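Below you'll find the structure, written out as structure tokens, and then a few comments.
In this text the structure is predicted, and so the values were computed from the model without any measurement. A, B, ... follow the sequence lines: proteins, then strands. Residue 1 opens every chain.
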Amino acid sequence: MSSQQNQKQQPATAADGITPRAQDYGQWYLDIVKRADLADHSSVRGCMVIKPHGYAIWEKLQRELDERFKATGHVNAYFPLFIPLSFFQKEEEHAAGFAKECAVVTHHRLKAVDGVVGVDPDSKLEEPLVVRPTSETIIWAQYKNWIQSYRDLPLLINQWANVVRWEMRTRLFLRTAEFLWQEGHTAHATEEEAREEVSRMLEVYADVAENVMGVPVVRGHKTEGERFAGALDTQSIEGMMQDGKALQMGTSHYLGQNFAKSADVKFLNKDGQLEYVHATSWGVSTRLIGALIMTHSDDNGLILPPKLAPIQVVIVPIYKTPEEQERTTAEAQAVAAELRRQGLSVKVDDREGMQPGAKYYEWERKGVPVRLEIGPRDLEKGSLCVVRRFVIEQDGESEQDLRKRKKQFLPRAEAIAGMTALMGTLQKDLLERARIQKQKKTRMIDTLEEYEEFFKGGGGFAWVHWAGTRDDEDTMAKRFETSIRCIPFADQIPEEGRGEGLCILTGKPSAQRVLMAKAY
RNA sequence: CGGGGCGUAGCGCAGACUGGUAGCGCGUUUGCUUGGGGUGCAAAAGGUCCCGGGUUCAAAUCCCGGCGCCCCGACCA
């Protein structure tokens, strides 16, 4: 709780209480989460409380994802939190993969002994229940009853749920013991169809990442070692955070017939023969909020894309006299009403006894994309002061110039009529800004010397030719703390890096480059 | 599991070495003042000093035991 000694040395600036990125990226991240009111540590180790502002962002993300799931033919359902241990044991590889991070329920009752309530030893469960770290096993036990014929396929179900993974080390949003997510679980008649589903859903994730979150991603396959436990193929989208590290933002798995076999799910095909179904699963979690923060935010606080901002426009009335207060506040309400008619979410900050500057800082910290200032002079001139939360930085630009470029005085009607368009601009600019950031930290690298130098410096995404074994991957991990984030789809490799080459480590021929980076 | 830090007002912290009326800043409430980038003044409210035991006339402070959280490392969708 009290590890922010560095706050004491901080000057009282806009970023008061936020450690600059350049000084300590990890602390900066924690400060943003806290100062933007997204989440709190709870009194349970590794668990977090998602506060209203953070949860509102999650709700918007949910809506965007859910719409796309529905549009691709999926329906929602809900399966139990508890999984009988025996279900879990059925798929060996899967069980082994999650074994080390499972919470297990062993008793079902408490009892007061000498006035102290504790676990009643007489209430031991005959079979322990695993708190789901993911739901494949319990869902497939159910699918067995739902699937008999090819007419029952494909079965396309998604669930929104919480899961528990008893991680040794946790970080707010990025890795917590309990988190919120969605998990799609589908059953198909053929491998081809299932693999199509895997790709389709990965593309849904990529679409949300780029066009909703404004985070450019690389699409690709995971290596054997990084695959989901029990999957034949794991595809992922990988984003680059501002410190150059990669963050896995979503995964989509082809599970083959593994789960169908372990749960004995067969269907009668058109030829009247019994076959095992082919399975997929795919998921994204509240980790995406971590990605959002680490991609866009700055030393002044959170930056949100308009599509995910719980408040898109905040209006601050400025006044000296009660009469001015009344007029500017009325105008603020009038402008808000007009903007709401465009479907925008608008907040009028009419709190009294708080200076405008204090309000500016607060809403900046919370990431509101646009602020309108309305003062007596605007009433006279019929203008509005429109301030953007961010603009795309130019090299060598001063803080002052940056601030100037964010601020615009526009005729009232023009400002209002253009607000929806401005949201669109900001949405695009944010993605563009993230692309520039990413590009600056991306290199085609062909020698180990250059590779080492790259990661000793700022690091980032390294596109390298690779033909190594799993042992060779370990070598790279030990030497450079990097790993293969994905084996990208061919069109994901930057043009200048396409084609064949020689493995950076072994010198053997390589068909294409892979994405190497340090990872969260 | 190893290393480190911390637990005192809503939040951030001081006080502890050297035991003796529970403190500061921010926030909150009230009043005035101020208001285009964190106004200023005054007054007020607010405490199980993490828990248990011990030493003592007296414990936030010393001793013993416990609990919890955070950070770093190992581990990992």
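Taking atom C1' on both nucleotides, rG38(B) is separated from rC26(B) by 12 Å, rounded to a whole Å. Distance noted for atom C1' between rG36(B) and rC32(B): 24 Å (whole Å). Spacing between rU8(B) and rU33(B) at atom C1', rounded to whole Å, works out to 35 Å. The separation of rA16(B) from rA58(B), taken at their P atoms, amounts to 22 Å, rounded to a whole angstrom. As rounded to the nearest Å, rC64(B) and rA59(B) have C1' atoms that lie 15 Å from one another. Spacing between rG3(B) and rG25(B) at atom C1', rounded to whole Å, works out to 33 Å. Taking the P atoms as reference points, rG7(B) lies 29 Å from rA44(B), given to the whole Å. rG15(B) and rA9(B) have their P atoms separated by 15 Å, given to the nearest Å.
If you measure from atom NZ of Lys406(A) to atom C1' of rG37(B), you get 12 Å, rounded to the nearest angstrom. The CZ atom of Arg35(A) sits 12 Å away from the P atom of rG12(B) (whole-angstrom rounding). The interatomic distance linking Glu352(A) (CD) with rU33(B) (P) rounds to 13 Å, in whole Å. For Ile318(A) and rG38(B), the CD1 to P distance is 11 Å, given to the nearest whole Å. Distance Ile315(A) CD1 to rG36(B) P: 18 Å, rounded to the nearest Å. The nearest whole Å value for the distance from the CE atom in Met354(A) to the C1' atom in rU33(B) is 18 Å. In this structure, Lys320(A) places its NZ atom 16 Å from P of rU33(B), rounding to the nearest Å. Between the P atom of rG27(B) and the CG atom of Asp37(A) lies a distance of 16 Å, rounded to the nearest Å.
Residues from residues 374-383 of chain A that place a heavy atom under 4.0 Å from any atom of RNA chain B, listed by number: Gly375(A), Pro376(A), Arg377(A), Asp378(A).
Judged by atom type and distance alone, Glu364(A) reaches the base of rG37(B) through a side-chain donor-acceptor pair under 3.5 Å. Counting distance only, with no hydrogens placed and no angle test, the side-chain atoms of Tyr361(A) and the base atoms of rG38(B) include no donor-acceptor pair under 3.5 Å.
In this structure, Lys90(A) forms a cation-pi arrangement with Phe87(A), its terminal cationic atom sitting closer than 6.0 Å to the ring centre and no more than 45° off the ring axis.
Residue-environment remark: CD (Gln89(A)) exceeds the threshold of 12 foreign heavy atoms within 6.0 Å.
Contact annotation: His41(A) does not reach the phosphate of rC69(B) (side-chain N/O to OP1 or OP2, under 4.0 Å).
Ring-plane geometry between Trp181(A) and Phe179(A) is classed as perpendicular, the angle between the planes exceeding 60 degrees on a 0 to 90 degree scale with a lower cut at 30.
Partner assigned to rU55(B) is none, using Watson-Crick or G-U wobble distances below 3.5 angstrom. Here rG12(B) sits opposite rC24(B) as a Watson-Crick or G-U wobble pair (both hydrogen-bonding atom distances under 3.5 Å). Under the Watson-Crick or G-U wobble criterion, with both distances below 3.5 Å, rC6(B) is paired with rG68(B).
Nucleic acid contact for Gly230(A): none, since no nucleic acid atom lies under 4.0 Å from a heavy atom of the residue. Nucleic acid contact class of Val316(A) (heavy atoms, under 4.0 Å, all strands): none. Across all strands, Arg371(A) comes closer than 4.0 Å to base atoms (heavy-atom distances). Contacts of Thr134(A) with the nucleic acid, taken as non-hydrogen atoms under 4.0 Å apart, are absent.
Applying the side-chain contact (heavy atoms from CB on, under 4.5 Å) test to Ala39(A) and every residue at least two apart in sequence or in another chain returns Val33(A), Met48(A), Phe173(A). For Arg175(A), the salt bridge (Lys or Arg N to Asp or Glu O under 4.0 Å) test picks out Glu167(A), with sequence neighbours left out. Legend: residues meeting ring-ring contact (aromatic ring centres under 6.0 Å, His included) with Tyr520(A), ordered by chain and number and at least two apart, are absent. Remark: Lys222(A) engages Glu226(A), Thr234(A), Ser236(A), Glu238(A), Gln248(A), Arg485(A) in a side-chain contact (heavy atoms from CB on, under 4.5 Å) (not counting sequence neighbours).
For the side-chain contact (heavy atoms from CB on, under 4.5 Å) with Gln492(A), the lone residue among Val218(A), Val217(A), Ile487(A) that qualifies is Val218(A).
Side chain to side chain, Thr475(A) and Asp472(A) fail the donor-acceptor criterion of an N or O pair below 3.5 Å.
Distances were taken from every side-chain heavy atom of Arg45(A) (C-beta onward) to each of rG37(B), rG35(B), rC69(B); the shortest belongs to rC69(B).
Lys100(A) has its side chain out of reach of Met168(A): every pair of non-hydrogen atoms, C-beta onward, lies at least 4.5 Å apart.
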Show me the protein contacts with nucleotides 72-76 of chain B, counting only N or O atoms at under 3.5 Å.
from, atom 1, to, atom 2, distance (Å)
rC72(B), OP1, Arg169(A), NH2, 3.1
rC72(B), OP2, Arg169(A), NE, 3.2
rC72(B), OP2, Arg169(A), NH2, 2.1
rC72(B), O5', Arg169(A), NH2, 3.1
rG73(B), OP2, Arg169(A), NH1, 2.5
rG73(B), OP2, Arg169(A), NH2, 3.3
rC76(B), O2', Glu101(A), OE2, 3.4
rC76(B), O2, Arg175(A), NE, 3.2
rC76(B), O2, Arg175(A), NH2, 3.1

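Two rings, from His94(A) and Phe259(A), have their centers less than 6.0 Å apart. Aromatic pair Phe98(A)/Phe228(A): centroids less than 6.0 angstrom apart.
Of the two residues near RNA chain B, Gly250(A) and Gln325(A), the one whose nearest nucleotide lies more 5' is Gln325(A).
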